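Working notes, beginning with the structure itself.
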Amino acid sequence: NAGVTQTPKFRVLKTGQSMTLLCAQDMNHEYMYWYRQDPGMGLRLIHYSVGEGTTAKGEVPDGYNVSRLKKQNFLLGLESAAPSQTSVYFCASTPGTGYNNEQFFGPGTRLTVL
Amino acid sequence: SQQGEEDPQALSIQEGENATMNCSYKTSINNLQWYRQNSGRGLVHLILIRSNEREKHSGRLRVTLDTSKKSSSLLITASRAADTASYFCARYRDGNKLVFGAGTILRVKS
């Protein structure tokens with residue numbers, strides 16, 4: 001099993017450009033999450049999904065959109081990138097609800113917006 | 001905003017020494033989790049301690065939880081250079097959202 005994979009690993013954008021980050025998991029997990037990590041900070045939740053066809057806002061959703069058309073994939077979109085969105089983005093998944101669930105993380109996407 | 005805060009922010013020790021990291025939180029919890037992040041990599045789950053547990057062990061890891069003080073500690077015994085990483089505590093909020101602290105950067109010198 002590959003676990004959680006993210007595409008691409010690195011990307012440089014110019015202000016105003018758009019892009020989509022892809023997260024895929026092969027563990028049949030119901031829940032998927034997108035986080036951003038900035039220097040000296042922990043992870044902050046952008047959006048999450050509790051199942052195919054569902055999405056919900058997290059702590060810092062502005063400037064991002066998401067879609068979960070297939071259970072195994074969770075896409076994060078930036079419609080008009082801004083320098084403030086320079087960050088490392090992590091995707092994670094977990095089997096389902098419940099306070100005892102650990103999250104499984106992808107390797108991250110390092111995004112720079114010039 | 002972060003719901004858990006780790007201290008110290010950074011810790012540097014010699015190989016073989018023990019490393020202790022602390023986590024404080026503000027509201028009640030069902031459980032608390034600890035994760036490790038090696039440089040440039042994703043987070044990896046280390047251990048989970050439930051609110052009715054006071055101590056839990058996993059290999060060289062020992063986690064304690066004091067719900068009256070709203071704090072937890074992670075002890076790594078006999079540290080190795082490979083333990084060099086950032087360590088985060090995290091807890092679920094609102095059922096679905098895992099909230100992370102800012103982390104402790106541990107450096108183990110060989």
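Proteins come first, then strands; the chains are lettered A, B, ... in the order of their sequence lines, and each starts at number 1. Computed from a prediction, not measured in an experiment: that's the story for all the values here.
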If you take all heavy atoms of L45(A) and K97(B), which pair is closest and at what distance?
CD2-CG, 3.7 Å
Looking at every heavy atom in both F88(B) and Q37(A), which two are closest together, and how far apart are they?
CZ-NE2, 3.5 Å
Interchain contact, Q37(B) with chain A, by part (heavy-atom threshold 4.5 Å):
side chain
Heavy atoms of other groups near [X] [atom1], more than 12 under 6.0 Å:
X      : atom1 : answer
Q17(A) : CD    : yes
E79(A) : CD    : no
R60(B) : CZ    : yes
R80(B) : CZ    : no

Could you tell me which portion of F104(A) (side chain, backbone, both or neither) has an atom closer than 4.5 angstrom to a non-hydrogen atom of chain B?
neither
So, the part of Q6(A) with a heavy atom under 4.5 Å from chain B: the answer is neither
Show the numbers, then the answer: is there a side-chain contact (heavy atoms from CB on, under 4.5 Å) between L98(B) and Y31(A)?
CA-CA 12 Å; L98(B) 196 59; Y31(A) 287 28; over 6 Å; no
Report the distance from atom CD of Q103(A) to atom CZ of F100(B), rounding to the nearest 0.5 Å.
5.5 Å
Verify same cluster id: [X], [Y] (apolar side-chain graph, 4.5 Å):
X      : Y      : answer
I29(B) : W34(B) : yes
V88(A) : Y35(A) : yes
Y48(A) : Y64(A) : no

For chain A, which of I105(B), L43(B), V44(B) has the most heavy-atom pairs under 4.5 Å?
L43(B)
Tell me whether E102(A) contacts the main-chain N or O of Y35(B) through its side chain, where contact means a donor paired with an acceptor under 3.5 Å.
no
